[in-house]
Amino acid sequence: MLTGIDHLVIAVPDPDAAVAALERELGLRPGGGGRHKGLGTLNRLVWLGDTYLELIGIFDRALAERSWIGAPTVRALDGGGGLATWAVASGALDADAGALRARGVAIAASIPGERRRADGAVVRWRLAAPATLGPVESPFLIEHDPSGPEWTPVERAARAGERHPIGGSVRLEILELATPDPGATGLRLLRGAGIGPFRPSLSGRGARDASVGPQTIRLRSASGLVAGPAWPIATIHLRVDGPVAPEIETRPERALLGCRFVVRGT
């Protein structure tokens with residue numbers, strides 16, 4: 001069962017500088033991070049409850065180009081940075097991936113993953129990835145180890161109540177993706193990840209929405225836009241539980257890290 005968007009993988013030249021920019025510009029408190037041994041990538045995280053932004057960079061390009069997560073990261077960085085891929089949380093990874101394979105989807109067998117934090121703790125998970133990863137391709141599925149660091153009931157409860165400098169706890173509400181053909185992208189996500197069907201969005205302008213757990217995937221036409229550094233594929237909509245800090249409220253939409261961020265308070 002897919003339970004929601006797990007995280008967004010945003011490719012940046014320097015993850016430490018990236019989390020500093022998010023804290024300075026949007027009032028989002030940075031979390032930890034670490035290195036993906038054997039993959040050539042390193043990261044910093046910004047937690048939004050159980051969902052997070054992964055600011056990912058590379059420490060070994062040759063190694064990254066050969067790894068499943070390094071390859072889309074390199075492609076995104078070569079295009080100016082921004083959303084490289086994204087992940088959906090699964091409560092039953094083998095069953096969910098098996099159901100997709102039964103429908104003819106080319107999704108790999110689950111593989112283990114780990115990240116060593118600065119404090120030496122090792123965070124572990126399992127994931128199943130489609131043949132092609134990209135910002136408007138099907139996401140990969142991930143299931144975290146609930147007995148290990150970051151996913152125990154105590155740590156999850158602490159994250160749920162974390163107040164960011166922006167004004168309160170923050171949640172990812174909508175992942176909006178600009179795509180040349182929203183209809184085709186919607187069908188790809190439905191067939192490749194079981195996300196959808198997409199429906200006309202109340203936001204208008206031909207956008208289409210689908211729910212994934214508590215979040216929304218929104219597809220909007222990118223017709224006429226030129227792909228590249230000047231083309232943020234992802235608009236990340238954040239909801240703050242409480243009033244937004246005045247310096248953020250006056251500019252609720254900002255371009256950062258190759259993405260657009262839209263912040264709304266309650």
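For clarity, every value in this text was computed on a predicted model and none was experimentally measured.
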Sequence neighbours excluded - salt bridge (Lys or Arg N to Asp or Glu O under 4.0 Å) pairs with any residue from residues 124-133
Asp94-Arg126, Glu114-Arg124, Arg126-Glu143

Hey, is the main chain of Gly265 close enough, under 3.5 Å, to the side chain of Arg239 for a donor-acceptor pair?
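Here the side-chain-to-backbone pair exists.
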
For Glu176, does its backbone N or O pair with a side-chain atom of Thr235 as donor and acceptor, under 3.5 Å?
no

Does either side chain, that of [X] or that of [Y], offer a donor lying less than 3.5 Å from an acceptor on the other one?
X      : Y      : value
Gln215 : Thr51  : yes
Arg218 : Ser201 : yes
Glu54  : His7   : yes
Asp209 : Thr216 : no

Take atom [atom1] of [X] as the centre, draw a 6.0 Å sphere, and report whether it contains more than 12 heavy atoms from other residues, nucleotides or ligands.
X      : atom1 : result
Arg254 : CZ    : yes
Arg103 : CZ    : yes
Arg191 : CZ    : no

Shared hydrophobic cluster, [X] / [Y] (ILVMFWY, side-chain heavy atoms < 4.5 Å):
X      : Y     : value
Phe261 : Trp86 : yes
Leu45  : Leu83 : no
Val170 : Tyr52 : no

Just how far is it from atom [atom1] of [X] to atom [atom2] of [Y], taken to the nearest 0.5 Å?
X      : Y      : atom1 : atom2 : value
Asp96  : Ser90  : CG    : OG    : 3.5 Å
Leu127 : Leu141 : CG    : CG    : 8.5 Å
Leu77  : Ile10  : CG    : CD1   : 12.0 Å
Ile56  : Thr73  : CD1   : OG1   : 3.5 Å
Ile174 : Leu238 : CD1   : CG    : 10.0 Å
Ser169 : Glu162 : OG    : CD    : 9.0 Å

Closer than 4.0 angstrom, basic N to acidic O: yes or no for [X] and [Y]?
X      : Y      : result
Asp78  : Arg61  : yes
Arg171 : Asp241 : no
Glu173 : Arg264 : no
Arg260 : Glu253 : no

Residue list, ring pair (Phe, Tyr, Trp, His ring centres under 6.0 Å) with His144, at least two apart or on another chain:
Trp151

Verify side-chain hydrogen bond (donor to acceptor under 3.5 Å, both in side chains) between Arg220 and Ser203, making sure each step is shown before the conclusion.
CA-CA 10 Å; Arg220 191 176 297 284; Ser203 68; 3.0 Å; yes

Among Leu256, Leu55, Ile58, which residue satisfies the side chain to side chain contact (heavy atoms under 4.5 Å, CB included) criterion with Val12?
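It is Leu55, the one option of Leu256, Leu55, Ile58 that forms the side chain to side chain contact (heavy atoms under 4.5 Å, CB included) with Val12.
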
Do [X] and [Y] have side chains that get closer than 4.5 Å, going by heavy atoms?
X      : Y      : value
Leu257 : Leu22  : yes
Arg115 : Trp125 : yes
Val136 : Leu219 : no
Val240 : Thr266 : no

Taking the ring centre of each residue, are Phe140 and Trp68 less than 6.0 Å apart?
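Centroid separation for Phe140 and Trp68: below 6.0 Å.
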
